[in-house]
Amino acid sequence: MSNEYNPKSIESSVQKVWEDNKSFEVTEDHSKEKFYCLSMFPYPSGKLHMGHVRNYTIGDVVSRFQRMQGKNVLQPMGWDAFGLPAENAAIKNNVPPAAWTDSNIDDMRGQLKKMGLAYDWSRELATCKPEYYRWEQWFFLKLLEKGIVYRKKATVNWDPIDQTVLANEQVVDGRGWRSGAVVEQREIDQWFLKITDYADELLEDVQKLEEWPEQVRTMQANWIGRSEGVNMSFGIENSKDELSVFTTRPDTLMGVTYVAVAPQHPLALEAASNNPELSAFIDECKNIKVAEADMAKMEKKGMATGINAVHPVTGDLVPVWVANFVLMSYGSGAVMAVPAHDERDYEFANKYGIDIKQVITSADGDKMSISEEAYTEKGVLINSGEFDGLSSADAFNAIADFLSKENKGAKTVNYRLRDWGVSRQRYWGCPIPIIYCDDCGAVPVPEKDLPVELPTEIAFDETGGSPIKKMPEFYETTCPSCGKAARRETDTFDTFFESSWYYARYTGADNNQSMLDERADYWLPVDQYIGGIEHAVLHLLYARFFHKLMRDEGLVSSDEPFTKLLTQGMVLANTYYRENDKGGQEWISPENVDVQFDEKGKPKGAILREDGKPVLTDGMSKMSKSKNNGVDPQGLIDKYGADTLRLFSMFAAPPDQSMEWSDTGVEGANRFLRRLWRQVQEHAERGSVEKLDIASLNDEQKAIRRKLYLSLQKVTDDMSRRFTFNTAIAANMELLNDVAKFKDESEQGRAVRQEVFETVLLMLSPIAPHICEELWQTLGKSSALIDELWPEIDESALVQDNIELIVQVNGKLRGKITVSVDAEEENIKQQAQDSANVKKFINENLAGKSVRKIIVVKGRLVNIVVA
RNA sequence: GCCGAUGUGGUGAAAUUGGUAGACACGCACGCUUGAGGGGCGUGUUGCGCAAGCAGUGCCGGUUCGACUCCGGCCAUCGGCACCA
């Protein structure tokens, strides 16, 4: 039979029409309101996974909905194509990263096209192409000229066997994942961007991001971490040196009983030079990877240096300790320690028998003791000499003033945010356009020589080190300034560099004369940005920073890149692995694993299908290449079609909620589309429909129309304001369930049904565009659905005479009453008390008590309080 | 450890502003349709109870006429923590 729902043929023919008509290619049309909808571009890891499907379907639904609002909608797509996985694949499979990446892009583009996403593919870009990255080289040199870029030493994870730098994720339990060697921290020269120069503006402007989720704004603000405190210097006994520390609690200064410095601190190194034990301790501190989380989790250890610091107020001597938890890269690499009023210092002092001196007591005179734990609240000063009796707030100022008079310190603002280190010792990234000359130092590559192209014909060796570092034909060059033989920079940029400005490049991706042009200001800022919550801090902060840098360079005129943000919850899947002989983890796809259950239906283990032997699990985590737990949507597309997959992924949960992947329910989504198909076909087969005559409708027909417009009202709100596509779909399901029961085959009954189907197709078209387009034609429409506007609500259909109220007695549901919409409150109260079941409960509850009050909530309920 | 979230039936979830807890689905059970399978249609499905009803939204406590929703504390899970992207 011809009217079977056949997604495969419908989808390919509808997609062909869109492609032939260039339906989604847009230009700068000033007669329309623009809408730039952007989903975070993917890393081309090989195949799409359900996290991508979810992200890109959300973006597509928003784009199509906005198009139906009559806007000029830009929705582009591209590839975040530089990165570590390409290098790993190169070593594992002996394929060059460029070829591997290109073929992944081809595969994934094909999958995206099959999903029917409304992209303007003419703007596609890939960050690994010189046409793209030449502009960030150019921009980097502009920033260098302006003084935003500088060079300093920074710590990396060093694999002493492979002689290479490791990313944090390549260090497992403190060892290199390939060599198994214990990693060491090593200091190397790197390029930095002064993001701290913009810390204040980045923080201030968080306030302006009113259409961002509150949680993301909070995370951004906390990450920047502005704090007001005092910078002060401690003297060093028998030395002219000084030790600079920052504290947010100068009120506790008199309670300082030691000072802690980072293991890399010059003072620590000096003390270690004639102290083998301390030197050994400092070496031991290097055997941990460079990650804050690992620092925080490790055992807090320290060792006295034998050096004493001089307290800036009392002149007392306090010992200087080296502590493994003090970060050289944060502040001055030294902290003053007040064990009585700081938890970490308290623990440390107890462990090493250092004095604890209480200098704050509670302001309201409550009993408090520091014998069990530190007292970290603010309060009133004691044991603080001339500062005794001051509140913490007053003492803050008094002590700051004292220090500044003595020239030993001053109030200052400190940020948690650190400058952005952009150098990576990797191959598959954008070359940093610098040449090192023995005479001239670091010299920028002249603009005419850009781009510095990354060689793509390369070979990796076992160690995984960057091949261009061993490639004289790449790094041997001459100094642009003096002409002498010189050496090209072999480090590449952090891949966050590429993703910090791609959203702007889409507006003029074809421009080979400049980074951006006037089209940027037509489209920017992005009206709606959609991506995973895991990017809440780093990517979004770097992109905001870059936007301000581009603004200050005159390339864009807005202050912020993304007006509205939707953070998608992660799609999680179980992770499985086996350990290899070097203790590394070999991740196994959940698609190749069978989970075993105990008799209660709880999972008790998992086996690899191939060999039937057990595998280990590392719990649920976001779908990713690195843990190999992505679930490829291809099988579902082949079996059910893109519309089912799109519908299902939107129906499963609201977009901002994380979800554990399961395809339970895909059948249900498909069933719904088949039912929609059948209902519309059956309706259409009964022939043409008369014009709707609203005045002549009976009650049942009116009820269906009311349901229709209530649904439209809800769906419109869900799609435009709430972004809860799951409830929008549910509303359409409810509506169609009602219509299926509506058996009226009269002329007006069929006219009502026609109106319902037309509206349902419009409402569902952003989510399941192919089937809706096809059925639109079935309903006898000559125009394309893609060019239709969002339907309008018929307010008159919503009007009703009577409403149902619920009646509670002491907050519990005891009955329902029907009243006219304009009923007086007194009448409602009376009617509520008169209804039979309610009466019974009032009497039951009475027993010597009385009706205290009756609460009437208009249009909702009546609560009779008996007490 | 720090920052941010989440926790509701067997499962995914809904309840939008403090006002009917479990909409809409999945699964399951039973029935109808079918030669069978598939598909479709219908009924039921939070727990306990024959019922009236009682209890119930991770745990403990609070505010309120009324709490999934607000407040305090705890537990578990997830995301981020600057070289995964």
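Letters A, B, ... are given to chains in the order of the sequence lines, protein chains preceding strands, and every chain is numbered from 1.
Note: W420(A) and F497(A) meet the aromatic proximity criterion, with ring centroids under 6.0 Å apart. For Y502(A) and W79(A), the distance between ring centers is not under 6.0 angstrom. Taking the six-membered ring for Trp, Y640(A) and F648(A) have ring centres at least 6.0 Å apart.
Distances from the side chain of Q808(A) to the nucleotides G19(B), A13(B), A85(B) place G19(B) closest. Distance from the side chain of L572(A) is smallest for C78(B) among the nucleotides C78(B), A85(B), C54(B). With distances taken from any side-chain atom of L417(A) to the nucleotides C84(B), A82(B), G40(B), the minimum falls on A82(B). Side-chain proximity of S621(A) to the nucleotides G79(B), A14(B), C84(B) is greatest for G79(B). Minimum atom distance to the side chain of M219(A) is reached by C3(B), of the listed C81(B), C3(B), A85(B). Across C41(B), C84(B), A82(B), the shortest atom-to-atom separation from the side chain of E292(A) is found for A82(B). When distances run from any side-chain atom of M733(A) to the nucleotides C3(B), A14(B), C24(B), the shortest one goes to C24(B). When distances run from any side-chain atom of N737(A) to the nucleotides A85(B), C24(B), C78(B), the shortest one goes to C24(B). When the nucleotides C81(B), G79(B), U20(B) are ranked by their closest atom to the side chain of M570(A), G79(B) comes out on top. Residue Q215(A) has its side chain nearest to G4(B) when only G66(B), G4(B), G1(B) are considered.
Counting any heavy atom pair closer than 4.0 Å across all strands shown, A291(A) reaches sugar-phosphate atoms only and no base atom. Note on I855(A): a base of the nucleic acid sits closer than 4.0 angstrom, heavy atoms only. When heavy atoms are screened at a 4.0 angstrom cut-off, R418(A) is found touching base atoms of the nucleic acid. Using a 4.0 Å heavy-atom distance criterion, S626(A) is classed as making no nucleic acid contact. Across all strands shown, V165(A) has heavy atoms under 4.0 Å from base atoms, whether or not it also approaches the sugar-phosphate. When heavy atoms are screened at a 4.0 angstrom cut-off, S624(A) is found touching no nucleic acid atom at all. At the heavy-atom level, H539(A) lies nowhere under 4.0 Å from the strands shown. As judged by a 4.0 angstrom heavy-atom cut-off over every strand, W420(A) is placed among residues making no nucleic acid contact.
A distance of 12.0 Å separates CZ in R54(A) from NE2 in H49(A), rounded to the nearest 0.5 Å. Taken from CD1 in I288(A) to NZ in K297(A), the straight-line distance is 10.0 Å, to the nearest 0.5 Å.
Each of R675(A) and F82(A) has a nearest nucleotide on RNA chain B; the 5'-most of these lies closest to R675(A).
The distance from atom CZ of F742(A) to atom P of C41(B) is 19 Å, rounded to the nearest whole Å. The separation between I817(A) atom CD1 and U20(B) atom P is 15 Å, rounded to whole Å. Between the CG atom of L676(A) and the C1' atom of A25(B) there is a distance of 16 Å, rounded to whole Å. Straight-line distance from the CD1 atom of I224(A) to the P atom of G4(B): 14 Å, rounded to whole Å.
Below the 3.5 angstrom threshold, one finds a donor paired with an acceptor across the side chain of N863(A) and the base of C65(B). Counting distance only, with no hydrogens placed and no angle test, the side-chain atoms of R721(A) and the base atoms of U16(B) include a donor-acceptor pair under 3.5 Å.
With contacts defined as side-chain heavy-atom distances shorter than 4.5 Å, the pair D294(A)/V171(A) does not qualify.
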